[in-house]
Amino acid sequence: MSGRFNWNELMTNDIAKAKAFYGQTLGWTFDPFPMPDGEYWIAKAPDGTPTAGIMPMDPQDTESQPGWLSYVQVDDLDRAVSAVTGSGGQVLQAPLDIPNVGRIAVVEDPAGAVLGLMKPVSAATS
């Protein structure tokens, strides 16, 4: 599934309001996901399929607005990140491992659009 969108995250300054909104409008339910340094919620579609994550914004960041970040699955995250810089983009969040989830990075294309890259734990190893 390399090259396909496979996960979405909402960063918000009000998780309770976001959960209420998406629960009422889309029928999502929410399960907490343990994080060592913060709050994270897995949003599930009405059929129980995990569909998105919700996390709080940094309270010290007064510049950013709440918003969604989409992740594209890649087979080799380090190679994809190298290709970003070689293609005129920049790395905003260096690759990092999330236990039981996978390896992620956040990048920006040459026009300024932000995108997440993800190699899920279930994807082939590189």
Side-chain angles (χ1 to χ4, degrees):
M1 292 222 330
S2 186
R4 294 186 181 182
F5 286 95
N6 71 328
W7 191 247
N8 297 289
E9 285 182 330
L10 172 64
M11 294 187 69
T12 181
N13 54 16
D14 195 328
I15 289 179
K17 282 185 182 178
K19 287 170 43 183
F21 175 82
Y22 291 105
Q24 291 172 8
T25 60
L26 301 176
W28 287 358
T29 57
F30 306 90
D31 290 337
F33 184 83
M35 296 289 287
D37 58 349
E39 181 178 11
Y40 194 90
W41 293 86
I42 301 294
K44 293 184 176 180
D47 68 359
T49 303
T51 192
I54 298 178
M55 60 193 289
M57 298 173 64
D58 179 351
Q60 304 300 318
D61 182 358
T62 58
E63 302 284 322
S64 298
Q65 295 292 313
W68 285 94
L69 175 63
S70 296
Y71 287 83
V72 172
Q73 182 171 326
V74 296
D75 292 330
D76 184 331
L77 185 70
D78 295 317
R79 183 178 47 176
V81 168
S82 292
V84 165
T85 56
S87 299
Q90 66 178 359
V91 178
L92 302 178
Q93 168 65 60
L96 69 111
D97 295 307
I98 300 175
N100 303 315
V101 172
R103 190 164 166 79
I104 67 166
V106 179
V107 301
E108 183 178 79
D109 74 14
V114 176
L115 177 69
L117 302 175
M118 173 187 278
K119 178 184 170 192
V121 290
S122 59
T125 59
S126 59

Handout entry: Val101-Leu10 co-clustered via ILVMFWY side chain contacts under 4.5 Å
Key =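 No, Val101 does not connect to Leu10 through the hydrophobic network.
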Problem - Worked check of side-chain contact (heavy atoms from CB on, under 4.5 Å) between Phe30 and Ile15 - result: CA-CA 11 Å; Phe30 306 90; Ile15 289 179; over 6 Å; no
Handout entry: Phe33 and Tyr40 aromatic ring geometry - parallel, tilted or perpendicular at 30°/60° bounds
Key = perpendicular
Exercise for the section: Going by the side-chain contact (heavy atoms from CB on, under 4.5 Å) test, name the single residue among Leu117, Asn8, Asn6 that passes it with Tyr71. Expected result: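 With Tyr71 as partner, side-chain contact (heavy atoms from CB on, under 4.5 Å) holds for just one option, Asn6.
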To the nearest 0.5 Å, tell me how far [X] [atom1] sits from [Y] [atom2].
{"X": "Met118", "Y": "Leu77", "atom1": "CE", "atom2": "CG", "result": "9.5 Å"}
{"X": "Asp47", "Y": "Thr29", "atom1": "CG", "atom2": "OG1", "result": "9.5 Å"}
{"X": "Trp7", "Y": "Ile104", "atom1": "CH2", "atom2": "CD1", "result": "11.5 Å"}
{"X": "Asp58", "Y": "Asn13", "atom1": "CG", "atom2": "CG", "result": "11.5 Å"}
{"X": "Leu96", "Y": "Ile98", "atom1": "CG", "atom2": "CD1", "result": "5.0 Å"}

Exercise for the section: Step by step, work out the side-chain contact (heavy atoms from CB on, under 4.5 Å) result for Leu115 and Asp109. Expected result: CA-CA 8 Å; Leu115 177 69; Asp109 74 14; over 6 Å; no
Exercise for the section: Report yes or no: does Ser87 contribute a side-chain atom to a donor-acceptor pair with the main-chain N or O of Val84 at less than 3.5 Å? Expected result: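 Checking the backbone N and O of Val84 against the side chain of Ser87, no donor-acceptor pair under 3.5 Å is found.
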Handout entry: Aromatic contact, Trp68 with Phe5 (centres under 6.0 Å)
Key =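 Ring centroids of Trp68 and Phe5 are no less than 6.0 Å from each other.
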